[in-house]
Amino acid sequence: THGAGDDPDGDGLTNLRESQHGTNPFKEDTDGDGLTDGDEVNVHETNPLNPDTDYDGLTDGEEAALGTDPWGWDTDGDGLTDGDEVNVHNTNPLLTDTDGDGLPDGWEVRHGFNPCVIQTDGTHGVADDPDGDGLTNLQEFQYGTAPFNGDTDHDGLTDGEEIALKADWPCLDPLAWDSDGDMLSDKWELQHDLSPCECAATNSLAWDADNDGLGLFDEYRYCTDPTNPDSDGDGVRDGDEVPQSPGSCPNDADDGGDPANCVTLKLTVGDPSGSESERWNLEVFEEATGRAVVRHCDGGFGTPGSAEYA
């Protein structure tokens with residue numbers, strides 16, 4: 001019983017090995033997970049002192065019985081932990097797509113679909129298009145876009161339009177509002193015959209094609225027409241309206257190009273920490289028409305790989 005080579009609890013580990021692993025020599029299953037200490041050490045290579053080696057919500061014994069990986073929290077790689085699949089969603093932890101509809105269980109759960117049955121309600125089916133953007137739910141999964149948001153990256157182009165336009169503009173990404181990273185939205189560039197796949201250069205002829213004194217970024221910010229030097233037709237060039245302090249609005253003819261006819265709005269965005277970690281985008285719209293009159297965003301807003309911000 002008490003010799004180094006004895007195994008008083010019959011778990012497959014000698015007293016010497018029980019000592020080495022810190023397990024109880026008189027208890028065959030020290031952590032109570034349903035596997036003997038010997039099987040944990042010699043067969044499954046799990047931790048005999050931790051009932052859930054991978055912290056996925058299933059004990060090592062349950063994982064052994066189900067055939068899931070006790071060292072991997074998501075055996076089938078569908079985005080759901082094995083424990084959540086078994087205990088919460090009733091899905092198969094060994095199948096990426098429990099109902100076989102082509103949509104992974106994790107994706108279905110994340111977007112409010114039922115991962116256990118093929119749905120035919122006109123909204124959640126693989127061929128349905130609930131946001132009307134021209135992409136089916138299956139395509140939304142394939143492209144990584146949102147099935148209930150027609151314009152996932154908020155660039156003004158629907159997800160379906162961006163995918164269709166990739167034939168002419170291969171860089172277009174429905175997950176990035178500014179695919180070429182020049183701080184001009186993809187739709188705005190296309191609207192004004194600019195390339196959404198090539199960063200606008202300050203020394204290019206296109207930078208101030210209308211010679212109004214505003215470069216493309218300022219034209220975008222002030223919602224002016226980069227091909228028209230006087231977008232609002234008030235007799236004052238766009239570039240002459242903006243630099244005044246305060247300036248007049250270059251896309252509002254009612255102000256006559258005179259700052260005296262305008263209201264100045266000042267807005268401070270950020271926190272006092274100086275971390276510059278905020279990501280923000282400001283757009284001001286004319287209430288009567290819904291037309292954008294000014295835009296501004298911080299330097300990192302919407303760049304590929306950033307988080308999504310409302």
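Since this is a predicted model, take the numbers as computed values, not measurements.
Using a distance-only test at 3.5 Å, with no hydrogens or angles considered, a donor-acceptor pair links the side chain of Trp71 to the main chain of Glu45. For the pair Asp97 (side chain) and Asp101 (backbone), a donor-acceptor distance under 3.5 Å is present. Asp255 places no side-chain N or O within 3.5 Å of a backbone atom of Asn261 that could act as its donor or acceptor partner. Put simply, the side chain of Asp178 gets close to the backbone of Met183: a donor and an acceptor are under 3.5 Å apart. Between the side chain of Asp128 and the backbone N or O of Pro130 there is no donor-acceptor pair closer than 3.5 Å. Checking side-chain atoms of Asp7 against main-chain N and O of Thr14 turns up no donor-acceptor pair under 3.5 Å. Using modelled atom types, no side-chain atom of Asp234 and backbone atom of Ala253 make a donor-acceptor pair closer than 3.5 Å. Although no hydrogens or angles enter the test, the distance criterion places a donor-acceptor pair under 3.5 Å between the side chain of Asp133 and the main chain of Leu135. The backbone N or O of Gly3 lies less than 3.5 Å from a partner atom in the side chain of Asn15, making a donor-acceptor pair.
Residues Asn47 and Thr53 bring no donor and acceptor atom of their side chains to less than 3.5 Å of each other. Judged by distance alone, the side chains of Thr152 and Asp159 do bring a donor and an acceptor atom under 3.5 Å apart. In this structure, a donor-acceptor pair under 3.5 Å is present between the side chains of Asp82 and Thr75. Side-chain atoms of Asp121 and Thr123 include no donor-acceptor pair closer than 3.5 Å. A donor atom on one side chain and an acceptor atom on the other are found under 3.5 Å apart for Arg17 and Asn42. When only modelled atom types and interatomic distance are considered, Thr36 and Glu28 share no side-chain donor-acceptor pair under 3.5 Å. One side chain, Ser231 or Asp238, offers a donor N or O that lies under 3.5 Å from an acceptor on the other. For the residue pair Asp151 and His154, no side-chain donor N or O sits within less than 3.5 Å of a side-chain acceptor on the partner.
Looking at every heavy atom in both residues, Cys171 comes nearest to Pro196 through SG-O, 3.3 Å. Pairing each heavy atom of Leu172 with each of Ser179, the nearest pair is CA-OG, 3.6 Å. Closest approach of His89 to Cys116, counting heavy atoms only: O-SG, 3.3 Å. Of all heavy-atom pairs spanning Pro115 and Val109, the tightest one is CG-CG2, 3.8 Å. Taking every heavy atom of both residues into account, Asp182 and Asp180 meet most closely at OD1-OD1, 2.8 Å. Closest of all the heavy-atom pairs between Asp210 and Asp225 is OD2-O, 3.2 Å.
Taking the six-membered ring where the residue is Trp, Phe148 and Phe113 present tilted rings, their angle falling between 30° and 60°.
Within 6.0 Å of CD on Gln20 lie more than 12 heavy atoms contributed by other residues, nucleotides or ligands.
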